[in-house]
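What follows is a set of notes on a single structure, which appears directly below.
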Amino acid sequence: MTTAYAARQATEKKQSLAIIDSDVHPYMENGLATLVPYMSTAWQKRIGAGLGGGHTVASQFHLPLDYLYINSSGGMRGDTSRPGMSPATDPAFTAAQLLDGAGIDRAILLSGHLLGIGAMPDPQVAATIASAYNDWMCERWLQFDKRYRGGLVIAPQDPELAVKEIDRMADRPGIVEIFMPLHDILMGEKHYYPIYEAAQRHGLPICVHPSGTENVYARAPRMAGTPTYYIEWHALLGQIHQANTASLLCHGVFERFPELKVVIAEGGIAWIAELSWKLDADWYGLRDEIPWVKRHPSEYLNENMRFTTQPFVEPPKKQHLLALMDMINAEKVLMFSSDYPHWNYNDPTNALAGLPEDLQRRIMFDNPREFYGDRIN
């Protein structure tokens, strides 16, 4: 085989195996202080930006709503930044390393700094931060490279303010979904219905993601208990998403909003099978309690929900992985994610290596392409 022929084959294979990454985290150069220029003067004053007495904006405007569970080895890959910049703060470096380096054609951005704003007690402050971030993301990232796509951030504490932000941002170029940081109200409750109506009206999926605030703040999402160690918290994150998935299905959200789509990012996948089986089995005997759920709960899950792959499961026996993929209907409900720039990043060149090529293509490209539609083009 000639070198030229081998190179051409590699190029053709790369072109045929397009990749959409459903979970990439951009960070701000100076943390939340980066957003101050995107706020009105009144809001800058309210949050204390620009105070005298030697205080800097960065020191005044600090929100400790992430990294509450500390990874002693660091939460980021050490190679995800260039000298003088923190990880994933430079869209050019990220494009070169992640998009070019890993062959990713589209990267959906979920704010790294705002994962925990759903736990903030003041809805207006949370909504203002979300709005400022959205403008910054569009200017700093989405306009830089056409391969970036954005999840517009909302604050779920006040649905009216959230709907205003969705209406303001939904038609911005590059926006493909609504990133909704979680708080203490489960997702099936009526509290969210105005948000879901707006999402359905604009054809934008809702995406949720762990925050690092679980059980720590009063308005944070709830786990079964409060873990002590990072490893506990990291292993148990699926609890949050199981509870919210069950809430969505049992409250009949997808009967009320049949076109609504929901993405569970970084929440694990093995539990999908057990939860689906349990809900379907109980639905036969208990559906008088929830008459609005007119079909098996698993049917709504398969039609309206998607789950990202990272951190991908690694059973010790290969046959167990293939069996699990069959159990959860992976060819339809899974979408690839790398979780760049975090420490447990999944490289698309090997993360799904244990799966058949046709299933890899479904997860890496076909499923997200069908789910996000024309906005991902």
Side-chain angles (χ1 to χ4, degrees), residues 18-28 80 87-89 91 94-95 97-115 130 133-154 165-166 169-182 199 202-211 241 260-267 269 304-312 333-342 344-348 351-352 361-377:
I19 300 172
I20 297 172
D21 189 340
S22 299
D23 184 10
V24 173
H25 298 290
Y27 284 84
M28 294 174 282
T80 54
T89 57
T94 299
Q97 183 178 60
L98 178 66
L99 306 186
D100 298 335
I104 289 173
D105 300 279
R106 295 290 184 270
I108 300 176
L109 306 178
L110 304 180
S111 171
H113 278 117
L114 303 192
L115 298 176
Y133 167 83
N134 291 332
D135 288 333
W136 171 83
M137 176 186 64
C138 288
E139 179 181 300
R140 175 72 169 150
W141 288 80
L142 299 190
Q143 293 180 21
F144 181 84
D145 192 309
K146 67 180 183 180
R147 292 173 292 179
Y148 290 128
R149 294 291 184 271
L152 75 92
V153 180
I154 59 170
E165 186 64 10
I166 294 169
M169 292 295 303
D171 294 329
R172 294 281 187 96
I175 295 296
V176 297
E177 67 185 6
I178 299 161
F179 178 31
M180 187 173 77
L182 291 171
H202 288 289
L204 289 171
I206 297 281
C207 179
V208 296
H209 187 286
S211 69
H241 301 295
L260 178 68
K261 300 175 181 179
V262 172
V263 182
I264 303 292
E266 200 174 335
I269 58 177
N304 296 82
M305 301 188 69
R306 297 294 181 267
F307 304 84
T308 67
T309 56
Q310 193 283 333
F312 198 55
V333 305
L334 289 193
M335 303 193 302
F336 172 76
S337 61
S338 71
D339 196 31
Y340 180 96
H342 293 162
N344 53 345
Y345 162 83
N346 280 175
D347 189 328
L352 309 182
R361 179 179 175 83
R362 287 294 311 171
I363 294 170
M364 287 186 165
F365 179 74
D366 292 337
N367 288 344
R369 174 64 184 82
E370 293 167 5
F371 190 71
Y372 289 107
D374 292 339
R375 288 178 180 263
I376 205 70
N377 291 339

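Using a cut-off of 4.0 Å between Lys/Arg side-chain N and Asp/Glu carboxylate O, E177 and R306 are scored as not salt-bridged.
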message: Using the rule given for salt bridge (Lys or Arg N to Asp or Glu O under 4.0 Å), can you reason through R106 versus D145, listing the C-alpha separation, both sets of side-chain angles and the distance that settles it, and then say yes or no?
response: CA-CA 10 Å; R106 295 290 184 270; D145 192 309; over 6 Å; no
message: Please determine whether side-chain hydrogen bond (donor to acceptor under 3.5 Å, both in side chains) holds for the pair H241 and H209, giving the CA-CA distance in whole Å, both sets of side-chain angles, and the decisive distance to 0.1 Å.
response: CA-CA 9 Å; H241 301 295; H209 187 286; over 6 Å; no
message: Please determine whether side-chain contact (heavy atoms from CB on, under 4.5 Å) holds for the pair N346 and F312, giving the CA-CA distance in whole Å, both sets of side-chain angles, and the decisive distance to 0.1 Å.
response: CA-CA 8 Å; N346 280 175; F312 198 55; 3.6 Å; yes
query: Can you check side-chain hydrogen bond (donor to acceptor under 3.5 Å, both in side chains) on R369 and N377, steps first, answer last?
result: CA-CA 8 Å; R369 174 64 184 82; N377 291 339; 3.1 Å; yes
message: Quick one, V263 with T308, criterion side-chain contact (heavy atoms from CB on, under 4.5 Å). Give me CA distance, side-chain angles, the key distance, then yes/no.
response: CA-CA 7 Å; V263 182; T308 67; 3.9 Å; yes
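Contact annotation: the side chain of C207 never approaches that of M180 to less than 4.5 Å [non-hydrogen atoms, C-beta and beyond]. The side-chain heavy atoms of I363 and L352, taken from C-beta on, include a pair separated by under 4.5 Å. In this structure, M137 and L142 have side chains that are in contact, with non-hydrogen atoms separated by less than 4.5 Å. By the 4.5 Å heavy-atom criterion applied to side chains, I166 and L152 are counted as neighbours. Contact of the W141 side chain with the T94 side chain is registered, since non-hydrogen atoms from C-beta on lie closer than 4.5 Å. By the 4.5 Å heavy-atom criterion applied to side chains, R149 and I175 are not counted as neighbours. F336 is not listed as a side-chain neighbour of D23, based on a closest heavy-atom distance of 4.5 Å or more. Looking only at side-chain heavy atoms (C-beta outward), V333 and N367 stay at 4.5 Å or farther from each other.
Atom CE of residue M169 and atom CG of residue D135 lie 6.0 Å apart, to the nearest 0.5 angstrom. Here CZ of F179 is found 14.5 Å from CG of L204. Values are rounded to the nearest 0.5 Å. Taking CE of M28 as the start and CG of L114 as the end, the distance is 5.0 Å to the nearest 0.5 Å. The line from OH of Y133 to SG of C138 is 9.0 Å long, rounded to the nearest 0.5 Å. A distance of 7.5 Å separates CE of M364 from OG1 of T309, quoted to the nearest 0.5 Å. If you take OH on Y148 and CZ on R140, they are separated by 9.5 Å, rounding to the nearest 0.5 Å.
Under the 3.5 Å distance criterion, the side-chain polar atoms of K261 are matched with a main-chain donor or acceptor of F371. The backbone N or O of L260 lies less than 3.5 Å from a partner atom in the side chain of N304, making a donor-acceptor pair. Panel note: side chain D105, backbone I20; no donor-acceptor pair is recorded below 3.5 Å. H113 places no side-chain N or O within donor-acceptor distance of the main-chain N or O of Y27, the cut-off being under 3.5 Å. Between the side chain of Y372 and the backbone N or O of P205 there is no donor-acceptor pair closer than 3.5 Å.
One side chain, S338 or D21, offers a donor N or O that lies under 3.5 Å from an acceptor on the other. Checking E165 against N134 by side-chain atom types alone, a donor-acceptor pair falls below 3.5 Å. Side-chain atoms of Y340 and Q97 form a donor-acceptor pair, as typed in the model, at a separation below 3.5 Å.
Taking each heavy atom of V24 and P26 in turn, the nearest pair found is O-CD, 3.3 Å. The two residues S22 and L110 come nearest to each other via the heavy atoms O-CD1, 4.2 Å. The minimum heavy-atom distance between R147 and A95, with the atom names listed, is NH2-CB, 4.0 Å. Here the closest heavy-atom approach between residue P368 and residue R362 is recorded as CD-O, 3.9 Å.
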